[in-house]
Amino acid sequence: MRRVAEKRCVYPGSFDPVTNGHVDIIERAAALFDEVTVAILHNPAKTGRFPVEKRMEMLKKACAHLPNVRFDHFGGLLVDYMRRSDCRVVVRGLRSTADFESESTMAQLNRALAPEVETLFLPASPLHSVVSSSAVREIALFGGDFSPFVPACIVQDVQNAFDPKP
Ligand code: PNS
């Protein structure tokens with residue numbers, strides 16, 4: 001078996017918007033790897049609430065304290081992006097058994113498509129196990145207080161996206 005010590009990983013996702021749970025995973029990956037690339041899925045069929053540029057701006061603000069984290073976006077298959085980036089480790093967070101089911105399916109599909117790419121799961125910290133971007137969007141849409149679930153530096157950005165335009 002060929003052993004290769006990997007120094008870089010990719011943390012892919014929609015980040016629509018970034019949550020405290022995402023930042024927790026990014027911080028922990030940044031402590032394990034020399035370099036972490038946070039890669040935002042650009043899906044033309046699913047535009048999302050925030051444009052990709054805005055998602056990246058919010059991610060950069062939320063991770064400003066992490067010097068070994070860089071940001072990118074990709075379209076198409078994750079494994080193709082991994083090959084283009086010459087990177088073999090995908091990091092994903094797991095919040096629940098439901099996450100485990102969907103994430104292990106995705107990891108196995110990715111492994112079938114690109115056997116050299118490994119997926120590493122980091123369990124969500126209990127504090128963040130119920131936080132999701134979709135929950136943040138829904139709470140914000142109906143005027144609830146979503147601020148405990150996102151980094152303080154992006155609260156206003158999220159609020160602005162949901163405030164009724166005059
Ligand atoms: O934050 P999300 O929405 O849970 O992230 C999901 C993401 C972006 C990691 C996943 O949907 C993805 O990798 N999409 C790219 C298409 C792909 O490669 N799908 C997996 C094989 S079916």
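Indexing begins at 1, ligand by ligand and atom by atom, following the structure's order.
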For this session: Could you check if a side-chain atom of Arg137 sits within less than 4.5 angstrom of a side-chain atom of Pro17, using non-hydrogen atoms only?
Result: yes

Problem set entry | Side chains of His128 and Thr19 in contact at under 4.5 Å (non-hydrogen atoms) | no

Among protein heavy atoms, which lies nearest [atom], and at what distance?
atom: atom 18 (O) of ligand 1; result: Leu78 N, 2.8 Å
atom: atom 6 (C) of ligand 1; result: Arg92 NH2, 3.8 Å
atom: atom 3 (O) of ligand 1; result: Ser14 OG, 2.6 Å
atom: atom 16 (C) of ligand 1; result: Gly76 O, 3.5 Å
atom: atom 22 (S) of ligand 1; result: Leu109 CD1, 4.0 Å
atom: atom 14 (N) of ligand 1; result: Leu41 CD2, 3.8 Å
atom: atom 12 (C) of ligand 1; result: Met106 SD, 4.4 Å
atom: atom 21 (C) of ligand 1; result: Asn110 OD1, 3.7 Å

Exercise. Using heavy atoms and a threshold below 4.0 Å, how should the contact between Val79 and ligand 1 be classified: side chain, backbone, both, or neither?
Worked result: neither

Problem set entry | For Val158, the option from Ile154, Val155, Asn160 that meets side-chain contact (heavy atoms from CB on, under 4.5 Å) | Ile154

For this session: Verify whether one side chain among Ser129 and Arg95 offers a donor that lies under 3.5 Å from an acceptor in the other.
Result: no

Problem set entry | Interfacing atoms of ligand 1 (cut-off 4.0 Å, heavy-atom, Gly13) | 1 (O), 5 (O), 8 (C)

Exercise. Taking only heavy atoms of Leu77, which atoms of ligand 1 are found under 4.0 Å from at least one of them?
Worked result: 17 (C), 18 (O)

For this session: For atom NZ of Lys61, decide whether the heavy atoms of other residues, nucleotides or ligands shown that lie under 6.0 angstrom number more than 12.
Result: yes

Problem set entry | His73 NE2: over 12 foreign heavy atoms closer than 6.0 Å | no

Exercise. For the side chain to side chain donor-acceptor pair (under 3.5 Å) test, which of Arg88, Arg83, Arg111 pairs with Glu116?
Worked result: Arg83

Problem set entry | Electrostatic pair Glu57:Lys60 at N-O distance under 4.0 angstrom | no

